[in-house]
2 protein chains.
Amino acid sequence: MAMPNSTSSRTKGPAELPDLLPEPATEELKLETVFAALADPLRLTIVRKLMLESEAYDHTCGWFGFDRPKSSLTHHFRTLRDAGLIHQRQYGLERRSRLRAEDLNMRFPGLLELIRAWQPPSNV
Amino acid sequence: MAMPNSTSSRTKGPAELPDLLPEPATEELKLETVFAALADPLRLTIVRKLMLESEAYDHTCGWFGFDRPKSSLTHHFRTLRDAGLIHQRQYGLERRSRLRAEDLNMRFPGLLELIRAWQPPSNV
DNA sequence: TACTCTGTTCGAGAAAACTCGTACAACTAC
DNA sequence: GTAGTTGTACGAGTTTTCTCGAACAGAGTA
């Protein structure tokens, strides 16, 4: 599961991005775990929204506009990160999420197309 | 063995197959539910085995060779049928399962390829 | 009749997931 | 400093799922 990425001063992206929060490596991703993470409509919505409406940007929890308590959202985003579906980075006091699209396409080709075609139910 | 039961009633297939047990219609299949059903390694194994090793035959629970109590297997097969992943037919005292491959390919193209590529863990 | 074989249903206990309130931490702005 | 914002951590209650034993049902067979 989530590997502690060692010290607080490690490799950053070329654009000096904040560190990634702990997450499983691409080779460690398990299909069962990914399916379990996607079995919840709210999480499916998160992933689909990140896929369809993210253009080179990461998004905060608030961006999604879910009407749920903060601690519930923390739970769902953490589930997605632990399953390897999203990256998360700490930008000051905001935590921004991004789909691991390349990793998922490499490991599970076709999965994201399934999610793209999904019809979300009426309620959020 | 696979004797067509004594005309218990309604419409049978052209080859006089036993009736299908209740299952969701193709249009009713929900991606969340399918993902939930596939989140369990045992059920993923069942589906994959049906996909790879079924050649025009349906298979009984016993065919899979799982070392689990019968009531546990009933539970997992029922979960798969309720989610719409398999058909089940009653052949006398055996209940035979078959992958809903056409339905799944129509409704969720690419899903079965994901399962085909899955590497089952060491334990059953 | 009795026995076997396949698989179901019921029920209970254990484990996991979901929900959410509360308290807390960190950063920004006044 | 104080207040507001974003989000975490903890814990409890609720719900769901998993697991499995026990009892049962139907078909076939000796």
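What you see below is based on every heavy atom in this structure, not just the backbone, and it leaves out hydrogens, waters and symmetry mates.
- Looking only at side-chain heavy atoms (C-beta outward), A:E102 and A:T26 stay at 4.5 Å or farther from each other.
- A:R96 places its CZ atom 13 Å from the C1' atom of D:dT5, with the value rounded to the nearest Å.
- Counting heavy atoms from C-beta outward, A:L111 and A:L38 have side chains that approach closer than 4.5 Å.
- The cluster map of Ile, Leu, Val, Met, Phe, Trp and Tyr, joined by side-chain heavy atoms under 4.5 Å apart, puts B:L50 and B:L52 in the same cluster.
- Atom CG of residue B:L73 and atom OG1 of residue B:T60 lie 10.5 Å apart, to the nearest 0.5 angstrom.
- Under the 4.0 Å criterion applied to side-chain N and carboxylate O atoms, A:E94 and A:R96 are assigned as salt-bridge partners.
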Restricting both atoms to N or O, compile the protein contacts to nucleotides 16-20 of chain C shorter than 3.5 Å, with distance only.
from, atom 1, to, atom 2, distance (Å)
C:dC18, OP1, A:R43, NH1, 3.0
C:dC18, OP1, A:R43, NH2, 2.8
C:dC18, OP2, A:R43, NH1, 3.3
C:dC18, OP2, A:H75, NE2, 2.9
C:dT19, OP2, A:H76, NE2, 2.7

Restricting both atoms to N or O, compile the protein contacts to nucleotides 11-15 of chain C shorter than 3.5 Å, with distance only.
none

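- When the P atom of C:dA23 is taken as reference, atom NZ of A:K70 falls 13 Å away, rounded to whole Å.
- Distance, B:L38 CG to D:dC18 P: 12 Å, rounded to whole Å.
- Rounded to a whole Å, the CD atom of B:E94 is 13 Å from the P atom of D:dA27.
- The separation between B:R81 atom CZ and C:dT9 atom C1' is 13 Å, rounded to whole Å.
- What separates CD of B:Q90 from P of D:dA25 is a distance of 16 Å, to the nearest Å.
- Side-chain atoms of A:F35 and B:R43, non-hydrogen and from C-beta on, never get closer than 4.5 Å to each other.
- Side-chain N/O atoms of B:R95 include one lying less than 4.0 angstrom from OP1 or OP2 on C:dT8.
- In this structure the side chain of A:E23 reaches within 4.5 angstrom of the side chain of A:R100, judged on heavy atoms.
- Nucleotide C:dT9 holds its P atom 15 Å from the CZ atom of B:F77, rounded to whole Å.
- B:Q88 pairs by the side-chain contact (heavy atoms from CB on, under 4.5 Å) definition with B:L21, B:F77, B:R81, B:I86, B:R95, B:S97, not counting sequence neighbours.
- Ionic pairing of A:R107 and A:D103 is not present here: no N-O contact between side-chain nitrogen and carboxylate oxygen is shorter than 4.0 angstrom.
- Counting to the nearest Å, the P atom of D:dC18 and the CD1 atom of B:I46 are 11 Å from each other.
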